[in-house]
Amino acid sequence: MTATPINVSYQTENRVIEPCSNSLDGADNAISACGVEMVYQTGGDRYHALRHVDLTVRYGDIQLLMGPSGSGKTTLLSILAGILTPTAGSVRLLGQEITKLSSSKLAQFRLENIGFIFQGFNLFPALSAIENIEVALNLKGIRGSAARQQAMQLLDQVGLADRAKLHPQDLSGGQKQRVAIARALAGNPTLIMADEPTAALDSHNGHAVIELLRTLAKERGRTVLIVTHDPRIADVADHIAYLEDGILTNGERSEISRMRESLIANNLS
Ligand SMILES: Nc1ncnc2c1ncn2[C@@H]1O[C@H](COP(=O)(O)OP(=O)(O)OP(=O)(O)O)[C@@H](O)[C@H]1O
(Lines give C-alpha, C1' and ligand atoms only; values in the text may rest on other atoms or scores of the structure.)
Protein backbone atom coordinates (compact mmCIF):
# COMPACT_ATOMS: atom_id res chain seq x y z
CA MET A 1 0.00 0.00 0.00
CA THR A 2 1.31 3.47 -0.82
CA ALA A 3 1.79 5.78 2.11
CA THR A 4 0.73 9.37 1.71
CA PRO A 5 1.34 12.46 3.79
CA ILE A 6 -1.90 13.69 5.31
CA ASN A 7 -3.01 17.28 5.49
CA VAL A 8 -5.03 17.55 8.67
CA SER A 9 -4.67 19.77 11.67
CA TYR A 10 -3.91 17.95 14.89
CA GLN A 11 -2.47 18.40 18.38
CA THR A 12 1.17 17.45 18.66
CA GLU A 13 1.23 14.87 21.44
CA ASN A 14 2.35 16.14 24.85
CA ARG A 15 4.37 19.02 23.40
CA VAL A 16 3.86 22.69 23.86
CA ILE A 17 4.33 24.34 20.47
CA GLU A 18 6.34 27.53 20.81
CA PRO A 19 5.91 30.33 18.31
CA CYS A 20 8.41 30.05 15.46
CA SER A 21 11.85 30.95 16.75
CA ASN A 22 13.11 32.34 13.44
CA SER A 23 11.91 35.19 11.29
CA LEU A 24 10.55 33.97 7.97
CA ASP A 25 11.21 37.42 6.56
CA GLY A 26 14.93 37.68 7.35
CA ALA A 27 16.53 39.22 4.26
CA ASP A 28 19.73 37.21 4.83
CA ASN A 29 17.88 33.90 4.70
CA ALA A 30 17.80 31.88 1.51
CA ILE A 31 15.82 29.14 3.28
CA SER A 32 13.49 29.61 6.21
CA ALA A 33 11.25 26.91 7.67
CA CYS A 34 8.89 27.53 10.53
CA GLY A 35 6.98 24.99 12.61
CA VAL A 36 7.24 22.26 9.97
CA GLU A 37 5.43 19.04 10.85
CA MET A 38 5.06 15.89 8.76
CA VAL A 39 2.74 13.00 9.46
CA TYR A 40 2.64 10.08 7.03
CA GLN A 41 -0.43 7.89 6.88
CA THR A 42 -0.19 4.27 5.73
CA GLY A 43 -3.56 2.60 5.84
CA GLY A 44 -4.67 3.09 9.45
CA ASP A 45 -1.15 3.89 10.75
CA ARG A 46 0.16 7.41 11.26
CA TYR A 47 3.87 8.15 11.48
CA HIS A 48 5.02 11.49 12.82
CA ALA A 49 8.22 12.03 10.80
CA LEU A 50 8.95 15.71 11.62
CA ARG A 51 8.04 17.61 14.79
CA HIS A 52 7.90 21.39 14.75
CA VAL A 53 11.08 21.96 12.75
CA ASP A 54 12.43 25.53 12.56
CA LEU A 55 15.44 26.13 10.32
CA THR A 56 17.05 29.10 8.59
CA VAL A 57 19.91 28.99 6.10
CA ARG A 58 21.70 32.17 5.06
CA TYR A 59 22.60 32.99 1.45
CA GLY A 60 25.93 31.44 0.48
CA ASP A 61 26.06 29.01 3.40
CA ILE A 62 26.57 25.26 3.34
CA GLN A 63 23.98 23.67 5.64
CA LEU A 64 24.09 19.97 6.44
CA LEU A 65 21.20 17.83 7.60
CA MET A 66 22.58 14.88 9.52
CA GLY A 67 21.16 12.25 11.82
CA PRO A 68 20.52 8.52 12.08
CA SER A 69 18.69 6.50 9.46
CA GLY A 70 14.95 7.14 9.62
CA SER A 71 15.31 10.42 11.55
CA GLY A 72 13.53 12.45 8.85
CA LYS A 73 16.37 13.96 6.78
CA THR A 74 15.03 13.13 3.32
CA THR A 75 11.53 14.11 4.40
CA LEU A 76 12.79 17.52 5.50
CA LEU A 77 14.90 18.01 2.36
CA SER A 78 11.88 17.13 0.21
CA ILE A 79 9.72 19.65 2.07
CA LEU A 80 12.37 22.37 1.85
CA ALA A 81 12.64 21.67 -1.89
CA GLY A 82 8.88 21.92 -2.36
CA ILE A 83 8.61 18.27 -3.43
CA LEU A 84 6.51 17.27 -0.40
CA THR A 85 3.87 19.43 1.29
CA PRO A 86 4.22 19.53 5.08
CA THR A 87 1.27 18.61 7.27
CA ALA A 88 1.75 21.95 9.06
CA GLY A 89 4.17 24.88 9.04
CA SER A 90 5.59 27.14 6.37
CA VAL A 91 8.67 27.25 4.14
CA ARG A 92 10.10 30.36 2.51
CA LEU A 93 12.77 30.09 -0.21
CA LEU A 94 14.48 33.18 -1.64
CA GLY A 95 11.78 35.38 -0.12
CA GLN A 96 8.91 33.35 -1.58
CA GLU A 97 6.62 31.40 0.74
CA ILE A 98 6.48 28.19 -1.29
CA THR A 99 3.94 26.53 0.99
CA LYS A 100 1.40 29.04 -0.36
CA LEU A 101 2.10 28.45 -4.07
CA SER A 102 -0.18 26.49 -6.39
CA SER A 103 1.36 23.25 -7.65
CA SER A 104 2.06 24.69 -11.12
CA LYS A 105 3.71 27.84 -9.69
CA LEU A 106 5.69 25.66 -7.29
CA ALA A 107 6.93 23.46 -10.15
CA GLN A 108 8.05 26.58 -12.04
CA PHE A 109 9.73 27.95 -8.90
CA ARG A 110 11.67 24.69 -8.45
CA LEU A 111 12.72 24.64 -12.09
CA GLU A 112 14.05 28.21 -11.95
CA ASN A 113 15.66 28.22 -8.53
CA ILE A 114 16.69 24.76 -7.31
CA GLY A 115 19.30 22.34 -8.60
CA PHE A 116 19.07 18.77 -7.26
CA ILE A 117 21.87 16.26 -6.78
CA PHE A 118 21.04 12.65 -5.87
CA GLN A 119 23.05 9.81 -4.38
CA GLY A 120 22.41 7.59 -7.41
CA PHE A 121 23.33 10.37 -9.93
CA ASN A 122 20.04 9.88 -11.91
CA LEU A 123 21.74 10.36 -15.28
CA PHE A 124 20.07 9.14 -18.48
CA PRO A 125 22.20 6.13 -19.53
CA ALA A 126 21.41 6.52 -23.24
CA LEU A 127 22.65 10.11 -23.33
CA SER A 128 26.23 11.38 -23.29
CA ALA A 129 27.47 13.61 -20.45
CA ILE A 130 26.84 16.78 -22.44
CA GLU A 131 23.40 15.59 -23.60
CA ASN A 132 22.39 14.89 -19.97
CA ILE A 133 23.05 18.56 -19.23
CA GLU A 134 21.43 19.81 -22.44
CA VAL A 135 18.18 18.04 -21.48
CA ALA A 136 18.09 20.00 -18.20
CA LEU A 137 18.77 23.24 -20.08
CA ASN A 138 16.01 22.42 -22.60
CA LEU A 139 13.56 22.06 -19.68
CA LYS A 140 14.53 25.58 -18.66
CA GLY A 141 13.82 26.92 -22.15
CA ILE A 142 17.43 27.01 -23.40
CA ARG A 143 17.78 25.17 -26.70
CA GLY A 144 19.99 24.45 -29.70
CA SER A 145 23.49 25.89 -29.90
CA ALA A 146 22.97 28.02 -26.77
CA ALA A 147 22.20 24.84 -24.80
CA ARG A 148 25.23 23.05 -26.24
CA GLN A 149 27.51 25.97 -25.42
CA GLN A 150 26.21 26.34 -21.85
CA ALA A 151 26.36 22.57 -21.27
CA MET A 152 30.01 22.61 -22.32
CA GLN A 153 30.75 25.54 -19.98
CA LEU A 154 29.09 23.65 -17.11
CA LEU A 155 31.12 20.51 -17.83
CA ASP A 156 34.22 22.70 -17.90
CA GLN A 157 33.32 24.10 -14.45
CA VAL A 158 33.32 20.59 -12.99
CA GLY A 159 36.54 19.66 -14.82
CA LEU A 160 34.98 17.26 -17.33
CA ALA A 161 35.07 19.16 -20.64
CA ASP A 162 37.19 16.36 -22.11
CA ARG A 163 34.57 13.72 -21.17
CA ALA A 164 31.61 15.48 -22.84
CA LYS A 165 30.86 12.75 -25.37
CA LEU A 166 31.17 9.79 -23.00
CA HIS A 167 28.07 7.97 -21.72
CA PRO A 168 27.53 7.37 -17.98
CA GLN A 169 28.69 3.74 -18.26
CA ASP A 170 32.12 4.98 -19.39
CA LEU A 171 32.53 7.41 -16.47
CA SER A 172 33.72 6.71 -12.92
CA GLY A 173 31.31 7.23 -10.00
CA GLY A 174 32.96 10.54 -9.16
CA GLN A 175 32.78 11.70 -12.78
CA LYS A 176 29.10 10.74 -12.94
CA GLN A 177 28.41 12.77 -9.81
CA ARG A 178 30.30 15.74 -11.29
CA VAL A 179 28.12 15.51 -14.43
CA ALA A 180 25.08 15.42 -12.11
CA ILE A 181 26.38 18.53 -10.33
CA ALA A 182 26.91 20.28 -13.69
CA ARG A 183 23.33 19.33 -14.58
CA ALA A 184 22.09 20.70 -11.24
CA LEU A 185 23.74 24.00 -12.16
CA ALA A 186 21.88 24.27 -15.48
CA GLY A 187 19.97 27.53 -15.60
CA ASN A 188 22.06 28.99 -12.76
CA PRO A 189 19.85 28.10 -9.74
CA THR A 190 20.51 29.91 -6.46
CA LEU A 191 19.79 26.87 -4.30
CA ILE A 192 21.56 23.51 -4.56
CA MET A 193 19.97 20.62 -2.69
CA ALA A 194 21.82 17.33 -2.44
CA ASP A 195 20.71 13.98 -0.96
CA GLU A 196 23.73 11.89 0.07
CA PRO A 197 25.94 13.23 -2.77
CA THR A 198 29.06 11.30 -1.69
CA ALA A 199 27.49 8.06 -0.45
CA ALA A 200 28.33 6.09 -3.58
CA LEU A 201 31.85 7.50 -3.94
CA ASP A 202 35.28 6.35 -2.79
CA SER A 203 37.46 8.64 -0.72
CA HIS A 204 39.21 10.38 -3.65
CA ASN A 205 36.03 11.05 -5.63
CA GLY A 206 34.14 11.97 -2.44
CA HIS A 207 36.70 14.67 -1.68
CA ALA A 208 36.52 16.02 -5.23
CA VAL A 209 32.73 16.34 -4.98
CA ILE A 210 32.93 17.96 -1.53
CA GLU A 211 35.45 20.49 -2.85
CA LEU A 212 33.15 21.26 -5.76
CA LEU A 213 30.20 21.88 -3.42
CA ARG A 214 32.40 24.12 -1.26
CA THR A 215 33.47 26.13 -4.31
CA LEU A 216 29.86 26.54 -5.41
CA ALA A 217 28.93 28.10 -2.07
CA LYS A 218 32.04 30.04 -1.17
CA GLU A 219 33.23 31.25 -4.59
CA ARG A 220 30.01 31.31 -6.60
CA GLY A 221 27.49 32.36 -3.95
CA ARG A 222 25.17 29.35 -4.13
CA THR A 223 23.29 28.27 -1.01
CA VAL A 224 23.88 24.55 -0.53
CA LEU A 225 21.73 22.19 1.56
CA ILE A 226 23.07 18.66 1.92
CA VAL A 227 21.59 15.54 3.54
CA THR A 228 24.48 13.31 4.46
CA HIS A 229 25.86 10.63 6.73
CA ASP A 230 29.38 11.55 5.56
CA PRO A 231 31.38 13.18 8.38
CA ARG A 232 33.94 14.46 5.80
CA ILE A 233 31.40 17.00 4.54
CA ALA A 234 31.19 18.46 8.06
CA ASP A 235 34.62 20.00 7.47
CA VAL A 236 33.24 22.44 4.88
CA ALA A 237 29.85 23.10 6.51
CA ASP A 238 28.84 26.43 8.02
CA HIS A 239 26.05 24.81 10.06
CA ILE A 240 24.88 21.31 10.84
CA ALA A 241 21.28 20.57 11.70
CA TYR A 242 20.98 17.29 13.52
CA LEU A 243 17.72 15.35 13.32
CA GLU A 244 16.70 12.62 15.71
CA ASP A 245 13.19 11.12 15.71
CA GLY A 246 11.98 14.08 13.65
CA ILE A 247 13.23 16.68 16.13
CA LEU A 248 15.89 19.08 14.88
CA THR A 249 18.83 20.61 16.72
CA ASN A 250 20.69 23.28 14.77
CA GLY A 251 24.41 23.45 15.43
CA GLU A 252 26.66 26.49 15.32
CA ARG A 253 30.35 26.04 14.49
CA SER A 254 31.25 25.39 18.13
CA GLU A 255 28.87 22.43 18.27
CA ILE A 256 29.91 20.93 14.94
CA SER A 257 32.95 19.04 16.20
CA ARG A 258 30.91 17.47 19.00
CA MET A 259 28.24 16.35 16.53
CA ARG A 260 30.91 15.16 14.11
CA GLU A 261 32.55 12.99 16.77
CA SER A 262 29.21 11.51 17.67
CA LEU A 263 28.41 10.82 14.00
CA ILE A 264 31.77 9.14 13.45
CA ALA A 265 31.23 7.04 16.58
CA ASN A 266 27.74 6.06 15.37
CA ASN A 267 29.06 5.19 11.90
CA LEU A 268 31.76 2.99 13.40
CA SER A 269 29.50 1.23 15.89
N1 LIG B 1 6.05 7.79 2.21
C2 LIG B 1 6.20 7.40 3.49
N3 LIG B 1 5.21 6.77 4.14
C4 LIG B 1 5.33 6.37 5.43
N5 LIG B 1 6.42 6.59 6.17
C6 LIG B 1 7.45 7.20 5.57
C7 LIG B 1 7.41 7.65 4.21
N8 LIG B 1 8.59 8.24 3.90
C9 LIG B 1 9.32 8.16 5.01
N10 LIG B 1 8.65 7.55 6.01
C11 LIG B 1 9.12 7.29 7.38
O12 LIG B 1 9.49 8.54 7.95
C13 LIG B 1 10.69 8.39 8.70
C14 LIG B 1 11.72 9.35 8.16
O15 LIG B 1 12.11 8.91 6.86
P16 LIG B 1 13.24 9.65 6.03
O17 LIG B 1 13.44 8.91 4.75
O18 LIG B 1 12.91 11.09 5.95
O19 LIG B 1 14.49 9.43 7.00
P20 LIG B 1 16.05 9.62 6.70
O21 LIG B 1 16.63 10.26 7.92
O22 LIG B 1 16.25 10.33 5.41
O23 LIG B 1 16.52 8.12 6.59
P24 LIG B 1 17.78 7.50 5.77
O25 LIG B 1 19.02 8.13 6.33
O26 LIG B 1 17.68 6.03 6.09
O27 LIG B 1 17.55 7.81 4.32
C28 LIG B 1 11.10 6.93 8.60
O29 LIG B 1 10.65 6.24 9.74
C30 LIG B 1 10.39 6.44 7.37
O31 LIG B 1 10.08 5.06 7.47
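Note that ligands are numbered from 1 as they come in the structure, with each ligand's atoms numbered from 1 the same way. Residues take their numbers from the sequence shown, with the count starting at 1.
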Has ligand 1 got any nitrogen or oxygen that is less than 3.5 angstrom from a nitrogen or oxygen of S69? yes
More than 12 foreign heavy atoms under 6.0 Å from CG of D245: is that the case here? no
Please verify whether a non-hydrogen atom of G72 lies at under 4.0 Å from ligand 1. yes
Provide the number and element of each atom of ligand 1 under 4.0 Å from a heavy atom of H229. 25 (O)
The answer for which part of S71 has a heavy atom under 4.0 Å from ligand 1 is both
Taking atom types as modelled and ignoring hydrogens, do the side chains of H167 and E131 form a donor-acceptor contact shorter than 3.5 angstrom? no
For A49, atoms of ligand 1 separated by under 4.0 Å from a heavy atom: 12 (O)
Can you see whether T190 engages N113 through a side-chain donor-acceptor pair at a distance of less than 3.5 angstrom? no
Residue-level breakdown please: for T42 versus ligand 1, do any non-hydrogen atoms fall below 4.0 Å on the side chain, on the backbone, on both, or on neither? side chain
Between the side chains of Q108 and E112, is a donor N or O closer than 3.5 angstrom to an acceptor N or O? yes
Do N188 and R220 pair up side chain to side chain, a donor and an acceptor below 3.5 Å, judged on atom types alone? no
Taking 4.0 angstrom as the limit and counting only heavy atoms of P68, give me the atoms of ligand 1 inside it, by number and element. 21 (O)
Can you see whether T87 engages Y40 through a side-chain donor-acceptor pair at a distance of less than 3.5 angstrom? no
Could you list the atoms of ligand 1 found under 4.0 angstrom from a heavy atom of K73? 18 (O), 19 (O), 20 (P), 21 (O), 22 (O), 23 (O), 24 (P), 25 (O)
